[in-house]
J.: 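Following this message is one structure expressed as structure tokens.
In what follows, residues are counted from 1 in the order of the sequence shown. Reckoned from all heavy atoms, side chains included, excluding hydrogens, waters and symmetry mates.
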Amino acid sequence: MSFIRAATLARSATSSCRRYSTEVSAKKSSNLGLYLGGAGLVGLGTYVYMGFGKGEAVTAKKDLKSPLDPSKFIDLKLKRVEPCNHNTSKFVLELGKGEASLLPVASCVYIETPDFKDDKGQPMYRPYTPISASDLEGELIFIIKKYETGKVSKYIHSLKAGETLRIKGPLPKFPWKMNELEEVGLIGGGSGIAPLYQVLQHTLADKTNKTKFKLLYANVTEQDIILRDEFDAMKKKYPDTFDVVYVIDKGDANWKGPTGFIGADLIKQHIAPPSLGEKVKVFICGPPGQVASIAGKKNGREQGELNGILKELGYTGDQVSDHAA
């Protein structure tokens, strides 16, 4: 059963990547090293989404329908691939006329790899969050990093324009509500940035927004920073409600930003304090080791007991994540 949802104002991610010459024509329709306590999961391209239940839907500008189905996988054609750096690319899937993903904010989808099976003989799949606006007509866009030990990500990166990906969703995450919070701290790592980008893209473009966001984004090298052009454009367009700090393991002589890992000092300097109570919240999305270091280990798919740096700084579990599945 296809679902129809209202969505946000039409916006597409700024293209900061190069397009392959294999694009289908219109006629055819270590910060990561730091966190290697979770190396096995990181190798599979698995990221921990902390603090993200059911999402918000708002009124769309025009009538659109979604081909997505939360009960089964569907095939979507790969329209083009846009390399971003040495191991990360944007994958643009083709939707029909009058179709958009209409994913609620915040939510993700499963991508299945029929060529690879799990220990039960079933096709492997992993959750991925699109970076395209939920009411972007005609396209569904992901940004995906290739891991040499990650079967799903390697499979996706092997695809060429014109081939298909199997998608199921949406999978609702955190129930975002406009202006519920005064201050939001976002802590991201590597390609785990996509869910945070989804919330920012949705919220900052809403003229009623009053929430202030501060993003700490960790990567191994400057070249590993993805969506940098998009974040810089957001900072320029919304200077009163958004700021971003890039953190890399070790920079060269030209690097002016922080280096090393995201620790207590950086969080105290840039993230709103826990003394704001229910008006502040911190969202984390990154490798399992990063999440464990900053906020404690997950308990399966749900948040475990709050620990790590945020607990030491005085934040409570309610200020760090929602316990919804």
J.: Any sub-3.5 Å donor-acceptor pair from E222's side-chain atoms to I248's backbone N or O?
T.: no
J.: Got H202 and S134 here, is their nearest side-chain heavy-atom distance under 4.5 Å?
T.: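 When only atoms from C-beta onward are counted, S134 and H202 do not touch, as no gap falls below 4.5 Å.
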J.: Could you grab the distance from atom CE of M124 to atom CG of D118, nearest 0.5 Å is fine?
T.: 7.0 Å
J.: Same cluster for L276 and L310 if Ile/Leu/Val/Met/Phe/Trp/Tyr side chains link at under 4.5 Å?
T.: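 In one cluster with L276: L310, no.
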J.: Mind checking salt bridge (charged side-chain N to carboxylate O under 4.0 Å, His left out) for K311 and listing every partner two or more places apart, or none if nothing turns up?
T.: E305
J.: Under the rule for ring-ring contact (aromatic ring centres under 6.0 Å, His included), what residues qualify as partners of F242, not counting sequence neighbours?
T.: none
J.: For a quick test of reading the model, state the closest non-hydrogen atom pair linking V247 to L266 and the distance between them.
T.: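 Distance-wise, the nearest heavy atoms are CG2-CD1, 3.9 Å.
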J.: Consider only side-chain N and O atoms of D69 and S71, and report whether a donor and an acceptor are under 3.5 Å apart.
T.: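 Indeed, the side chains of D69 and S71 share at least one donor-acceptor pair under 3.5 Å.
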J.: Pairing donors with acceptors under 3.5 angstrom, does anything connect the side chains of D206 and T203?
T.: no
J.: Applying a strict under-4.5 Å side-chain criterion to I, L, V, M, F, W and Y, I'd like to know whether V280 and I309 cluster together.
T.: no
J.: How far does OG1 of T211 sit from CG of L181, to the nearest 0.5 angstrom?
T.: 6.0 Å
J.: Nearest 0.5 Å, what's the CD1-CG distance between I144 and N87?
T.: 12.5 Å
J.: Restricting to non-hydrogen atoms, name the atom on G169 and the atom on V109 that form the minimum distance, rounded to 0.1 Å.
T.: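 Taking G169 first and V109 second, the nearest heavy atoms are CA-CG1, 4.1 Å.
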J.: At what distance, to the nearest 0.5 angstrom, does CD1 of I141 lie from CG of L95?
T.: 9.5 Å
J.: List in chain and number order the residues that pass side-chain contact (heavy atoms from CB on, under 4.5 Å) with K210, two or more places apart in sequence or in another chain; answer none if no residue qualifies.
T.: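 K210 satisfies side-chain contact (heavy atoms from CB on, under 4.5 Å) with N179 once adjacent residues are dropped.
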J.: What distance separates I226 CD1 from T88 OG1, expressed to the nearest 0.5 Å?
T.: 5.0 Å
